[in-house]
Amino acid sequence: MKLLERLANEVLVGDGAMGTLLYEQGVDQCFEEVNLSNPDKIIAVHKQYVEAGADVIQTNTYAANSLKLEKYGLEKKVQLINEAAVTLAKRAAGGQAFVVGTIGGVRRFQLEEWSLEEIEAAFNEQMKHLLQGGVDGLLLETFYDLEEAKMATVLARKWTDLPIIVNLSLGEIGVMNGGIPVADAFRELITAGANIVGLNCRMGPFHMLRSFESIPLPENGYLSAYPNASLPDYRDGRVFYQSNADYFKAMGEKFVKEGIRLLGGCCGTTPEHIAAFKEVKERFAPITEKKVRSVIRVEKRIELPPEHTPLPEIVKQRRSVIVELDPPKKLNTDRFIEGATKLHQAGVDAVTMADNSLASPRVDNLALGAMLKGQIGARPLVHVTCRDRNLIGLQSHLMGLHALGIDDLLAVTGDPTKIGDFPGATSVYDVTSFQLISFIKQLNEGISFSGKELGQKSTFSVGAAFNPNVRHLDKAVQRMEKKVESGADYFMTQPIYSEAQIEAVYEATKHIKQPIYIGIMPLTGTRNAEFLHNEVPGIKLTDEIRSAMAQCGDDRHRAAEEGIRIAKSLIDTALTFFNGIYLITPFLRYEMTVELTDYIQAKTKAASIKNQ
C-alpha cells in the first residue's frame, strides 16, 4: 500500500533526528558526507528508528545541496551523497518503512546569501538525484520562508507525482516570519502541490501543539508534526535536549487529536521518542473532524501619530538641513550637548548620530538621542547598524527607540570591526542593510521580526545610505533601487567633494522618488583631507581640493576657512539640484557646521524673498 493510501486511514510515525545520534557518537563534521565515509553509521541510525516503530524514514540529505555542501568543499559530490543516502535508507528500511528524500530549506533571515534562483537550481539538482534513487516521496523541511517553500513545492511537483511533504518552521506560535498565519501558508502549499503539510524544528511539543490548535484539517491533504525534543540547553559549547520519551507519549496523543497524521521528531529526538509515538499510533485512530480554536490576536493594532512631520515629507516641501554630530568616545558629553544645542538653535531639522562609526565604541546614540529630546528639544536621527547586534538585540533596540519616541533612523551595514579599536571583536551581521530596512518597516505594521503581533505600530522613517563615490555609479544606483524596494523612505549620501559628482548623482537618480540628502563635510586641514581621500572607504577628494588644503599648511585657522569655503561651494551646487543637505561635523567642531547651517538658511531666505 502506498504512503498516501496508508495515511487515509491511519496515523503514521516518522523517524527522529539523524544529527543528534551522530553527534552523540562523536561525529562533528558534515553529517551528509558520512553517507560516503562511514555508511554503516548511517544504516545503524536508520535501523534504530525502524526498530523503534517508524513507518517513514528520511534520507540523510538535509543539507546535501551544492550551496550547503560548498562550505565543506563537497559541492561536486551532490550526486554521490544523495544517491548513497537513498541506497542506505532503503537498505535499512528493508521494506518495512517508506523512504522519503529530504531537502532542507536554505533561507533563514540571511535572505541575501543566495538568490532564490540559485536556491532553485540547487534544489533542482538534489531532487533529480533523490528521485533517481527511488524514494517513495519527498520531504521538504525546516522552511522559514514561505516564498522559498512554495518555490520548492512547485519544483518538486514538476519532477514527480509521488507524495510531497512540506514542513515549515516558525519563530512564533501560529505565524511565520512576516506575520503570515500558518493556516494560510498551509493552504498555499497544498495549492502549490503538497500532499502533507506541517511543522518541524524550532519548537518542542508544547509550543508546536498550540500552533496546530488554530489549524483546520486540510481538505486536500494531511497534517504532519516533527517537534524538537525540548527547548535546547547550551553547556560547554554544546547543545543539549531533554530526554523525555514519556512526555512525548502524552503529547503525541494530543497531536493526534489535533489532526496530525504523520508524527515524527526533529532536533534532540531519539529512537525512544519515536517508540513513544509508536505506542500512540497503536492506540489512537486519526480524527476526521476538528473544532478549531481561535488564535488571540490584536486585530486592530494601535496606530500612533508621529511626533514630527517625517523628514522625507519635510525635504519634499522645502530645503532641509540635518547635521551629524559624532557621539563622544569619552564619558563626558558636555561638548556634544553644547554642539547639539547650537545646531538646534541654528534651525537644523535633525541632529544625526552614528552608531559606533569606524567600529570604535562611543556613547550610545540611543542614550544621546533621549538626552537631545529631553534636555534641548532637538530632533534626533540615530543610525542603526547590522554589525553590533543580533536579531534579538536589533529588535529590542528598535522597540526601545519607539518607546522613547525616536522615530528617525538611518539603517546601515556598519564598518567591520577589524578597522576599529577592538579588531578581535565579532561582527554580527545577522542581516543586511536591505533586510534591516524591511524589518523596520515591518515594525511599522505592528509585526515583530518573527511575525509576532506587537499591539502597536511603530512610526519610523527609515533612511538609507548611498555612496556615490564609486567607479560605477550605475551599480550604486542599483543598490539604491533595491533599498527602495526594501522600504527606504529617503537617502543620505557619503560626503561628496566634487560639483561635477553632485550633478552626476542628480542625473543618475532623477527617476527615484525618495528624497536625497547630499553629504557635505568641511575639511579641517591637509592631513584630514589626505586621510579621508586615502584611507576612509567611500570618500574621494578632487586633486584641486587636496591642493587647496595642502597650501594651508599647518595654519589651522586658514585651513578651517578654506574647508568652509569649499563646503559652501559644494552646497551651492547641491541646492541647485536637491532640497536636502546632510552636514557632517568633523571632530565635534560644531562651529563649522553651525556656520554652514546659517549659510544655507540665509540662501534659502534670500531665494524666498526673490521669488515673492
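The model shown is predicted, which means the values in this text are computed figures rather than measured ones.
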For the atom pair [atom1] ([X]) and [atom2] ([Y]), what is the distance rounded to the nearest 0.5 Å?
| X | Y | atom1 | atom2 | value |
| --- | --- | --- | --- | --- |
| His383 | Leu366 | NE2 | CG | 13.5 Å |
| Trp159 | Asn124 | CH2 | CG | 5.5 Å |
| Ile196 | Leu12 | CD1 | CG | 8.0 Å |
| Ser448 | Asn177 | OG | CG | 8.5 Å |
| Asn38 | Leu88 | CG | CG | 10.0 Å |
| Lys257 | Ile287 | NZ | CD1 | 10.0 Å |

Are [X] and [Y] side-chain neighbours, meaning at least one heavy-atom pair lies under 4.5 Å?
| X | Y | answer |
| --- | --- | --- |
| Tyr144 | Arg202 | yes |
| Leu394 | Phe449 | yes |
| Arg210 | Met203 | no |
| Tyr49 | Leu21 | yes |
| Lys41 | Val45 | no |
| Met208 | Met251 | no |
| Arg389 | Val428 | no |
| His46 | Met18 | yes |

Do Lys2 and Asp136 pass the salt bridge (charged side-chain N to carboxylate O under 4.0 Å, His left out) test, and can you show the C-alpha distance, the side-chain angles, and the key distance before you say yes or no?
CA-CA 8 Å; Lys2 296 180 179 180; Asp136 299 306; over 6 Å; no
Run the side-chain contact (heavy atoms from CB on, under 4.5 Å) test on Val11 and Phe284 for me, step by step, so that the C-alpha distance in whole Å, both residues' side-chain angles and the decisive distance to 0.1 Å come before the verdict.
CA-CA 8 Å; Val11 175; Phe284 293 92; 6.0 Å; no
Could you walk me through whether Thr385 and Asn356 pass the side chain to side chain donor-acceptor pair (under 3.5 Å) check?
CA-CA 9 Å; Thr385 72; Asn356 296 329; over 6 Å; no
How about CD on Glu5, more than 12 heavy atoms from neighbouring residues, nucleotides or ligands closer than 6.0 Å, or not?
yes
Counting only heavy atoms not in Met399, do more than 12 sit closer than 6.0 Å to its CE atom?
no
Under the criterion salt bridge (charged side-chain N to carboxylate O under 4.0 Å, His left out), I'd like the reasoning laid out for Lys68 against Glu32: C-alpha separation, chi angles, the key distance, then a yes or no.
CA-CA 10 Å; Lys68 291 293 187 70; Glu32 291 75 15; over 6 Å; no
List the steps, then state whether side chain to side chain donor-acceptor pair (under 3.5 Å) holds for Ser427 with Thr417.
CA-CA 6 Å; Ser427 294; Thr417 55; 3.1 Å; yes
Return each pair, listed once, that meets side-chain hydrogen bond (donor to acceptor under 3.5 Å, both in side chains) where at least one residue sits in residues 54-66; pairs must be two or more places apart or across chains.
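Matches after skipping sequence neighbours: Asp15-Gln58, Asn35-Asn60, Asp55-Lys281, Gln58-Thr102, Thr59-Thr61, Tyr62-Arg108.
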What verdict does the salt bridge (charged side-chain N to carboxylate O under 4.0 Å, His left out) test give for Glu148 and Arg107, after you've listed the backbone C-alpha separation in whole Å, the side-chain angles of each residue and the deciding distance to 0.1 Å?
CA-CA 7 Å; Glu148 183 192 26; Arg107 282 182 165 182; 5.6 Å; no
Going by side chain to side chain contact (heavy atoms under 4.5 Å, CB included), name the residues that satisfy it together with Glu117, two or more places apart in sequence or in a different chain.
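Glu117 satisfies side chain to side chain contact (heavy atoms under 4.5 Å, CB included) with Ser115 only.
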If we ignore hydrogens and angles and just use 3.5 Å, is the side chain of Ser214 paired with the main-chain N or O of Ser211 as donor and acceptor?
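Yes.
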Donor-acceptor pair, side chain of Tyr226 and main chain of Ala17, under 3.5 angstrom:
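No.
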Might you point out which heavy atoms bring [X] and [Y] nearest each other, and give the distance in Å?
| X | Y | answer |
| --- | --- | --- |
| Pro271 | Ala52 | O-CB, 3.4 Å |
| Ala229 | His273 | CB-NE2, 4.0 Å |
| Lys457 | His402 | O-CE1, 3.7 Å |
| Val462 | Ala411 | CG1-CB, 4.2 Å |
| Asn228 | Phe248 | O-CZ, 3.4 Å |
| Pro361 | Phe422 | CG-CE1, 3.5 Å |

side-chain contact (heavy atoms from CB on, under 4.5 Å) partner of Val166, the single match among Ile103, Leu139, Leu140
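Of all the options given, the one that passes is Leu140.
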Verdict with reasoning, Glu253 to Arg283, per side-chain contact (heavy atoms from CB on, under 4.5 Å):
CA-CA 9 Å; Glu253 296 177 11; Arg283 294 173 48 216; 2.8 Å; yes
Pair Glu33 + Lys77, salt bridge at N-O below 4.0 Å
no
Would you sort out whether Asn195 and Tyr222 count as a side-chain contact (heavy atoms from CB on, under 4.5 Å), showing the intermediate values?
CA-CA 7 Å; Asn195 304 104; Tyr222 303 105; 5.8 Å; no
Are Cys30 and Leu74 close enough, and set up right, to give a side-chain contact (heavy atoms from CB on, under 4.5 Å), and what steps lead you there?
CA-CA 9 Å; Cys30 173; Leu74 298 170; 4.1 Å; yes
